[in-house]
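Throughout, protein chains are lettered first and strands after them, A, B, ... in sequence-line order, and every chain is numbered starting at 1. Computed from heavy atoms alone, side chains included, the values below leave out hydrogens, waters and symmetry copies.
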Amino acid sequence: MAEPVITLRHFFERARAGQLTGVRCRKCGELAIPPKELCPACYERAWEPVPLGGEGTIASYTVIRVAPRAFMADAPYAVAAVKLTEGVSILGRIVDIPLERLAVGLPVRFRPIVRNSQTAIGFGPA
Amino acid sequence: MRRVAVIGVGVTKFGKHERTSSELFAEAAADALADAEISADRVQALYYGNVVGSETEHQLHTGPQAASILGIPAIPTTRFEAACASSHAAFRHAVMEVGAGVSDVVLVGGAERVLNVPTPDSTEYFAYASDAVWEQTLGLTFPGVFALIARAHMQKYGTTEEQMAAVAVKNHKHGALNPKAQFQKEITLEQVLKSAYVADPLKLYDCCPFTDGGAAVVLASEEVARKSRRPVWVLASAAASDWMLLGDKRDLSRVPATERAAALAYKQAGLAPTDVDVVELHDCFTIAEIVATEGLGFFEPGAGARAAEKGMTSLGGRVPVNPSGGLKAKGHPIGATGAAQIAEIVTQLRGDAGSRQVSGARTGLTHTLGGNTATVLVSLFGRG
Ligand SMILES: [Zn+2]
């Protein structure tokens, strides 16, 4: 049995410390985040973890005004799809950017959101 | 594969009910059997869709429960969970069971009950269909998912909030003609545009409602169907998936699973988009209808919004979409939705749709989407 290159637990431990981590395929060079077991480009199992810069731009965003029960106290809040400089995309909660300043193309920077014991992906001002 | 037909359909009134989801299914199923003029003892299997039964009714094992309440406890039952596409996924597997010659008569359907819980709770339960680690932790909701798609479509193609609103106005106009619809009331463009934002740029009237309801269809082999009064033939039933995470999708303005499932279905049936006379598709949000009309090949990517605005998808238009009122006005009891769409297309192809009839419809299409656009089912139907 192969050791996983990076488990979700390790990913979020690193994220909590401020470091976004992707995986790069040693066979074909494909970059992925979050980690997957097989490379979706060549189906090999030859990943290595790579640190990501955490910088990107907003590809799409929304302001959630009707929230699930667990998030009602936070509403309204923004969630964005962020295209990272390295070319991969990930969703994150927007923090410390006024809702009216949000725009497609706005530069943002990764920032972990730690809530109780859970870490979630966040993005703040670049 | 043997030819397969739908020989009976049944749908409950959509809206708020003081009955369990299994009761709602049983009503629809009994109606479908009566419509098929076939005795319940002929049914050899149940393929059943139910999604949030665990959350809203504290109920697992809803397959045998539904069969028991209907009164046919001994047949094999399987519950399908594919988010909002559950009973359409069930349908595809049932078609394969009959097509493969395993059974001659199979019941397919689904039901959902959600209006017995407050909106913040149903909003949370529906969000369980997005990823628990990567998406639910952000407070992402289903309107939020489609808001991200809407913004991407607006950015890429210049789609406007007015064009999205036109879809809501059109589907309410259709729903006003459907006695089973949750909302049988027309709305104006201004009402849509003035409604409150739920997840910008989507407003309340861009969103389908929470709904209780059930739906069922009876499937039969060609031999059984030939003896039935009004069979409608299943010309294709195809499924496709896509990345679970929205972040993994390269272009948020498109739904690749719709494009894949549609290509498979058209190939199975030997048909093209121009052959389709009537469509029931997954308009959980107005933008979802626009993107689906593009993914199904009725309009080029980016042209769906203008087509909706120009009335090309209205009753009487080039390709009438959601004559039932769609999820938007007819309602969206998620486990029942796929089966209810199929019931509407069968009704249309039989010429039984009354004031919402698409005249002369011979070929119909159903499209159901599940979760963060990760599951899509497309089926094609023909009469005669
Ligand atoms: Zn590779």
Side-chain angles (χ1 to χ4, degrees), chain A residues 7-9 11-12 15 22 31-36 40 56-84 87-95 99-100 102-105 112-123, chain B residues 55 117-156 195-204 206-207 210 242-254 285 287 372:
Chain A
T7 63
L8 287 180
R9 190 167 67 90
F11 177 91
F12 281 103
L31 180 69
I33 181 175
K36 294 155 181 61
T57 54
I58 291 179
S60 190
Y61 68 94
T62 181
V63 180
I64 308 276
R65 297 176 193 275
V66 177
R69 186 168 287 289
F71 292 87
M72 280 170 76
D74 297 1
Y77 54 87
V79 174
V82 173
K83 181 154 193 188
L84 299 174
V88 287
S89 298
I90 191 164
L91 295 196
R93 187 70 177 265
I94 296 295
V95 287
L99 297 178
E100 61 279 6
L102 290 171
V104 173
I113 300 173
V114 180
R115 191 167 168 146
N116 304 321
S117 60
Q118 192 164 58
T119 304
I121 306 297
F123 289 91
Chain B
E55 287 74 26
V117 301
T119 298
D121 292 324
S122 40
T123 301
E124 179 171 326
Y125 303 151
F126 280 34
Y128 291 172
S130 62
D131 191 278
V133 173
W134 299 94
E135 294 175 335
Q136 290 177 40
T137 50
L138 309 177
L140 185 65
T141 59
F142 265 92
V145 167
F146 283 87
L148 291 170
I149 291 170
R151 180 93 58 197
H153 206 272
M154 292 164 85
Q155 184 73 22
K156 188 167 177 184
S195 63
Y197 282 103
V198 170
D200 314 15
L202 299 183
K203 295 171 284 293
L204 183 64
D206 286 301
C207 308
F210 290 107
D242 193 30
W243 289 113
M244 177 73 176
L245 299 184
L246 277 185
D248 276 330
K249 298 177 208 287
R250 302 281 171 193
D251 180 355
L252 279 175
S253 72
R254 292 173 79 156
F285 301 94
I287 186 65
N372 292 1

Below 4.5 Å, heavy-atom pairs only: which of B:S253, B:A150, B:G247 has the largest tally toward chain A? B:G247
With distance as the sole test, does B:E55 use its side chain to make a donor-acceptor pair with the main-chain N or O of B:D121 at under 3.5 Å? no
Got a donor-acceptor contact below 3.5 angstrom from the B:R151 side chain to the A:Y61 backbone? yes
In residues 123-133 of chain B, which residues are in contact with chain A at a heavy-atom separation under 4.5 Å? B:T123, B:E124, B:V133
Closest approach of B:M154 and B:P201, non-hydrogen atoms and distance? SD-CG, 3.6 Å
Where do A:P68 and B:G139 come nearest, in terms of heavy atoms and distance? CD-O, 3.9 Å
Shorter than 4.5 Å, heavy atoms on both sides: which option in A:V63, A:I64, A:V82 has the most such pairs with chain B? A:V63
Is it the backbone or the side chain of A:P76 that comes under 4.5 Å from a heavy atom of chain B, or both, or neither? neither
Is there a side-chain contact between A:L102 and A:I58, using heavy atoms and a 4.5 Å cut-off? yes
Return the minimal non-hydrogen interatomic distance between B:K156 and B:D251, and the atom names on each side. NZ-OD2, 2.7 Å
Indicate yes or no: at least one non-hydrogen side-chain atom of B:F146 is less than 4.5 angstrom from one of B:L202. yes
Picking from A:A59, A:A67, A:P34, which has the most non-hydrogen pairs under 4.5 angstrom with chain B? A:P34
Contact summary for A:R115 and A:A70, nearest pair of heavy atoms: NH2-O, 3.4 Å
Find the one option among A:L99, A:V104, A:D74 whose heavy-atom pairs under 4.5 Å with chain B are most numerous. A:V104
A side-chain contact here means heavy atoms from C-beta on lying under 4.5 Å apart; do A:I90 and A:I121 qualify? yes
Under 4.5 Å from any heavy atom of chain A, what part of B:L245 do you find: side chain, backbone, both or neither? side chain
Give the member of B:L140, B:V145, B:D248 that has the highest number of heavy-atom pairs under 4.5 Å with chain A. B:D248
Can you tell me which of B:T141, B:L204, B:I149, B:V198 forms the most heavy-atom pairs within a distance under 4.5 Å of chain A? B:V198
Note: vs chain A, highest number of non-hydrogen pairs under 4.5 angstrom among B:T119, B:L252, B:T137 is B:T137
Is B:P118 close to chain A through its backbone or its side chain, or both, or neither, when contacts mean heavy atoms under 4.5 Å? side chain
Could you pull out all residues at least two apart from A:V88 that satisfy side-chain contact (heavy atoms from CB on, under 4.5 Å)? A:L31, A:I33, A:L84
Measure A:Y77 against the heavy atoms of chain B and call it side chain, backbone, both or neither at under 4.5 Å. side chain
I'd like to know if the side chain of A:K83 reaches the main chain of A:A81, judged simply by a donor and an acceptor atom lying under 3.5 Å from each other, with no hydrogens or angles considered. no
